[in-house]
Number of protein chains: 4
Amino acid sequence: MPTPTWDRLPTERRDAIVAAAEAEFASRGFSRGSLNVIAREAGVAKGSLFQYFDDKLDLFAHLSDLASIRIGAAMAKHNAPLPWAEDYWGALTDSLLAWIGHFRDHPVDLALTAAVNLELDTEVRVAVREVVNRHYLRGLQQLIDSGVETGAVRADADHGAFLAQLVLVMPHLALAANMPGLDPVLDLHEDPDAAVARVVAVWRAAFGTWADGVTRPVRRPSA
Amino acid sequence: MPTPTWDRLPTERRDAIVAAAEAEFASRGFSRGSLNVIAREAGVAKGSLFQYFDDKLDLFAHLSDLASIRIGAAMAKHNAPLPWAEDYWGALTDSLLAWIGHFRDHPVDLALTAAVNLELDTEVRVAVREVVNRHYLRGLQQLIDSGVETGAVRADADHGAFLAQLVLVMPHLALAANMPGLDPVLDLHEDPDAAVARVVAVWRAAFGTWADGVTRPVRRPSA
Amino acid sequence: MPTPTWDRLPTERRDAIVAAAEAEFASRGFSRGSLNVIAREAGVAKGSLFQYFDDKLDLFAHLSDLASIRIGAAMAKHNAPLPWAEDYWGALTDSLLAWIGHFRDHPVDLALTAAVNLELDTEVRVAVREVVNRHYLRGLQQLIDSGVETGAVRADADHGAFLAQLVLVMPHLALAANMPGLDPVLDLHEDPDAAVARVVAVWRAAFGTWADGVTRPVRRPSA
Amino acid sequence: MPTPTWDRLPTERRDAIVAAAEAEFASRGFSRGSLNVIAREAGVAKGSLFQYFDDKLDLFAHLSDLASIRIGAAMAKHNAPLPWAEDYWGALTDSLLAWIGHFRDHPVDLALTAAVNLELDTEVRVAVREVVNRHYLRGLQQLIDSGVETGAVRADADHGAFLAQLVLVMPHLALAANMPGLDPVLDLHEDPDAAVARVVAVWRAAFGTWADGVTRPVRRPSA
DNA sequence: GATGAATGAGGCTTCATTCAT
DNA sequence: CATGAATGAAGCCTCATTCAT
C-alpha cells in the first residue's frame with residue numbers, strides 16, 4: 001500500500017510516476033521492470049519512489065489495483081444498458097467482447113493484466129492477485145446471480161463452477177485475443193467474435209435453461 | 001535447439017547438465033534461474049554451456065521439450081487401460097486426477113510447466129509454447145475423437161471449443177492444484193477431487209450425450 | 001550538545017525522542033542506526049531532529065551521556081550498603097556482579113555501551129568517550145581511594161594501574177557477560193560468577209594487602 | 001574463505017586486491033569500507049571480487065587472517081632471542097613494547113585489528129574473531145607455559161586468568177598506544193614504556209614468584 | 001519552531017556472455 | 001572441444017541532510 005506521503009503528493013507528480021511505472025511494467029513485466037527507468041522517466045529521484053512505496057512490489061500492486069478499478073468501472077458502465085433480462089447469453093457475449101475490446105484499446109491494462117497473470121515469482125503473484133481478485137470476484141458473482149434471477153441460469157446449476165470458468169477464462173480472453181501465440185485452438189487473436197460465441201455456447205449448455213423454459217437437470221457429482 | 005556438439009556428448013555429461021538445469025529452473029524460474037548455478041551443479045565449465053546451446057533460452061526450451069515428452073508418455077501410459085468406451089466421463093475424471101498427481105509427484109515437471117506458462121517475456125513464451133503445444137494438442141484431439149466414436153461426446157458438439165477448454169484448463173489444474181494462491185474459487189489446492197468432478201460435469205453438460213442416449217442439440221452460433 | 005531548543009521542549013516530546021533513539025541505536029548501533037526510524041518511532045518530523053541536535057553524532061553522544069548517568073546512579077545505589085570496610089574484595093566482587101546484572105537487565109544500556117566501545121569511527125568514539133569517561137573515572141577513583149583508606153588496598157600499590165584495569169575490564173565484563181563470542185577464555189557468558197571471582201583474585205594479589213595485614217611491596221618500575 | 005579461483009590468481013593481481021582492500025578497510029573500517037573503492041583502486045572489475053570471495057565479510061576475514069599470521073610471525077621472530085629463562089618479566093615487557101612497535105610501524109595491521117575489535121555488527125565480529133583468536137591463543141598459552149617451566153610464573157597461579165588478561169590487554173595496548181583518545185588513565189599514547197611497565201608489574205604481582213624464590217599462594221576462589 | 005518531501009550518491013550483489021588459453 | 005577468469009552494466013534499496021512551506 002502506498003504511504004501517506006503518496007496520497008499527499010501533487011497530482012501531476014503522482015500521475016507522472018504512475019504513467020512511467022505503467023509504461024515500464026507494461027513493456028517489461030514486473031521482474032524485469034526497472035525502478036531506475038521509472039524514476040528517470042518520471043523525472044523524480046530514485047529515492048523518492050521509496051518514500052511513496054515500501055518496495056518494488058508495493059508499487060506494482062498499486063498499479064494493478066488502479067488498473068482493476070479502471071477496468072471494473074469501464075465494464076460496469078458497459079454492462080449497465082445491456083438487456084440481461086431479455087437475452088442473458090447475448091448480453092454476456094456482448095460483455096465479453098467489450099472486455100476484449102477494452103484491453104485492445106488500453107494496452108497498459110492489458111500489459112498489467114499479463115504481468116500479474118504471468119509473473120513467475122509465487123510471492124509476487126499471490127500478493128497482487130489477492131488485491132485484484134477481490135474486485136473481480138464480486139462483480140462476476142453478481143453477474144451470475146442476475147442470470148439466476150432472470151431465469152437464464154438454472155437455479156440448480158453449479159454456480160461455483162460457473163464462477164471458476166469466468167475467472168479462468170476471462171483473463172485468457174483478454175490476453176489471448178490481444179497477444180499472438182497464446183491460443184492454439186480458438187483463434188482468438190484472429191476472430192474473437194466467433195471464439196467468444198463458442199465459449200458462451202459452452203456455458204449456456206452447461207449452466208443455462210432451455211429457450212423454451214425447460215430446464216435440463218445436471219446433477220452435481222455425487223462424489 | 002541444441003548444437004550438434006550437444007548430441008555428440010557422453011550421456012552422463014548430458015544427463016548431469018539436464019538434471020542441474022531442471023533443478024535450477026524448477027526452483028527459480030526462467031528469468032531468475034542462473035547459468036552459473038547450473039554449470040556449477042553440473043560440474044561443467046560455464047563456457048561449455050554456450051557450446052551446447054545458443055543461449056539461456058535455447059537451453060530452457062530444450063528442457064521444456066524433454067518435459068512435455070515425459071509428461072505425454074506418462075499420461076499415455078495411464079490413459080491406456082481406462083474404460084473410455086464404457087465410462088468416458090469417469091475415465092476423463094480419472095485421467096485428470098492422474099494428471100494432477102503427476103505434477104504433484106514430479107515437481108520438476110510442475111515447475112517447468114509453471115515457468116513456461118508464467119513467463120512474461122513474449123518472445124520466450126511463444127518460443128517455448130510452440131514446441132510444447134505440438135505434443136499436447138495431438139493427444140487431446142485424439143481423446144476427444146475417441147469420445148465421439150464411442151458416443152459419449154455428441155457428434156454435433158463444438159469439438160474445437162472442447163479442445164480449447166482442455167488446453168486452457170489442464171495447465172490450470174496442474175498448477176492450481178499444486179501451488180497455493182492460484183485458484184480463488186474451486187479450492188483446487190484443498191480438494192482436487194471435488195474440483196475436477198465439477199469441471200468434468202460442466203463439460204459433460206456442454207459436450208456430452210445423455211445417459212439415455214438422447215442428444216441435446218447445441219447449435220453452433222450462427223455468427 | 002543539544003541545542004537550547006531541545007531544553008525548552010515539552011518533556012513528553014523529549015522522552016519520546018530519547019526512547020526512540022535509544023531503541024534504534026541499541027538494536028542497530030551508531031553507524032547503522034537510522035534517523036528516519038527514530039523520527040518515525042518518536043512521532044516527530046525528520047527535520048525536527050536537526051533543530052535539536054547538530055547531527056547524528058550529537059544525538060548519539062547525548063544518549064550516551066544519559067546512559068552513563070543512569071548507570072552511575074544505579075551502581076552508586078547498589079554500592080552504598082556494601083561492606084567495603086569489612087570485606088573490600090568481597091564487596092568489589094558483589095559490585096561487579098551487580099554491574100553485569102545491570103547490563104543484563106537493561107539491554108539499552110548494554111547496547112549503548114557496546115555501541116560506544118565498538119564504534120570504529122575514531123572521531124565518533126573519541127567524542128563519546130570523552131563525555132562518558134568523565135562520569136566513570138570519578139566513581140572508580142573513589143572506589144580505589146576507599147580501599148586504600150580501609151587498608152584493603154596497599155597504600156604503595158600502583159593505584160593508576162588499578163584504575164586502568166578497572167576502566168579496561170569493566171566494559172569488557174558488561175559486554176562479554178551479555179553477548180556471546182566476545183570472551184574466548186574466561187567463559188564470562190556461561191559462568192559470570194566464577195569469571196568475576198578470578199578477575200578480582202588477580203587484583204587482590206596485585207594490589208591488596210594480606211589477610212594478616214602484612215603488605216607485600218610491589219615496587220613501581222624504576223623506569 | 002577465498003574461492004579456489006583466488007588461489008589460482010596471478011600474484012600481482014592478488015597483491016593489488018589485498019593492498020587496495022587493506023587500505024580501504026584500514027581507513028574506513030569494515031562497515032563503511034566500500035567494495036567499489038577497493039575494486040577501483042585495485043584496477044579490477046567490481047564483479048571480479050565476487051569471483052574470489054563470497055561477499056564483503058569473506059574478503060575482510062581473509063585480510064584479518066593474513067594480518068594475524070603476519071603479526072604472529074613478526075612477534076615470534078622478535079620473541080625468540082629474548083631471555084625468557086633469565087628474566088621472564090623483563091622479556092615480557094620487551095615483547096609487549098615490540099608488540100606496540102609493530103602496530104606503530106604497520107598501520108594496516110593496526111587498522112585491521114581496530115576494525116576487528118571495534119566492529120559493531122556481532123555477526124561480523126564473531127566471524128572474524130573466531131579466525132583470529134585461533135592464532136593468538138596458542139601463542140599466548142605457550143608464553144605462559146614457558147613462564148611456568150622456568151619458575152617465573154607460579155605453578156599454582158590462575159593461568160586462565162593470566163591468559164584472559166593477555167587476550168584482553170594486548171589488543172588494548174596495540175590500539176590505545178597508537179590511537180589517541182582510547183586510554184584515559186595509563187597515558188599509553190604518550191609514554192608507552194611506563195605504561196607497559198606498570199601493566200607487567202601488576203601481572204608479576206598477581207602471577208609471579210618472588211625474586212627470592214618464595215611463592216606467595218593465591219588461592220583460586222573456592223566458588 | 002515544526003514539518004516532511006526531495007535528493008542522489010552510494011551501498012552490495014548478480015549474471016549472461018566472451019575469449020584467451 | 002573445454003575451460004574459467006573477467007567483465008561491467010544493471011539490479012534494488014538506504015539514508016543523512018536540506019529547505020520551502
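Please read these numbers as outputs of a predicted model, since none were measured by experiment. A note on names: the letters A, B, ... follow the listed sequences, proteins ahead of strands, and every chain is numbered from 1.
Nucleotide dA16(E) holds its P atom 8 Å from the CD1 atom of Ile38(B), rounded to whole Å. Note: CG (Leu59(D)) to P (dG11(E)) measures 14 Å, nearest angstrom. Between the CZ atom of Phe53(D) and the C1' atom of dA6(F) there is a distance of 16 Å, rounded to whole Å. Whole-Å rounding puts the Gln51(B) CD to dG4(F) P distance at 13 Å. At whole-Å resolution of the value, CG in Leu49(C) and P in dC15(F) are 14 Å apart. Atom-to-atom, CH2 of Trp6(B) to P of dC1(F) comes out at 14 Å; the value is rounded to the nearest Å. dC15(E) atom C1' lies 16 Å from atom CD of Glu41(B), rounded to whole Å.
Contact between the side-chain N/O atoms of Arg13(D) and the OP1/OP2 oxygens of dA5(F) is not found at any separation under 4.0 Å. Taking 4.0 angstrom as the limit, Tyr52(C) places none of its side-chain polar atoms (N or O) nearer than this to OP1 or OP2 of dG1(E).
Residue contacts shown for Leu9(B) are limited to sugar-phosphate atoms, with no base heavy atom under 4.0 Å away.
Residues Thr5(C) and Arg8(C) form a side-chain contact, since some pair of their non-hydrogen atoms from C-beta on lies under 4.5 Å apart. Side-chain contact between Val37(C) and Arg40(C) is present, with heavy atoms from C-beta onward closer than 4.5 Å. In this structure, the side chains of Leu35(D) and Lys46(D) stay at 4.5 Å or more apart for every pair of heavy atoms. Between Val44(D) and Ile38(D), the closest side-chain pair of non-hydrogen atoms is not below 4.5 Å.
Between Phe53(B) and Trp6(B), the ring-plane angle classifies as tilted under the 30° and 60° cut-offs. Aromatic ring orientation, Phe60(B) versus Phe25(B): perpendicular (interplanar angle above 60°, classes split at 30° and 60°).
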For every nucleotide of nucleotides 8-14 of chain F, 5' to 3': is a protein heavy atom under 4.0 Å from its base (B), only from its sugar-phosphate (S), or from neither (-)? B-BSSBB
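Nearest-nucleotide positions on DNA chain E for Val44(A) and Arg8(C) put Arg8(C) closer to the 5' end.
Across all strands shown, dT21(E) pairs with dA2(F); the Watson-Crick or G-U wobble distances both stay below 3.5 Å. Base pairing analysis places dC13(F) opposite dG10(E); the two distances defining the Watson-Crick or G-U wobble pair are each below 3.5 Å.
For the 3.5 Å distance criterion, the side chains of Arg13(D) and Tyr52(D) qualify, holding a donor opposite an acceptor.
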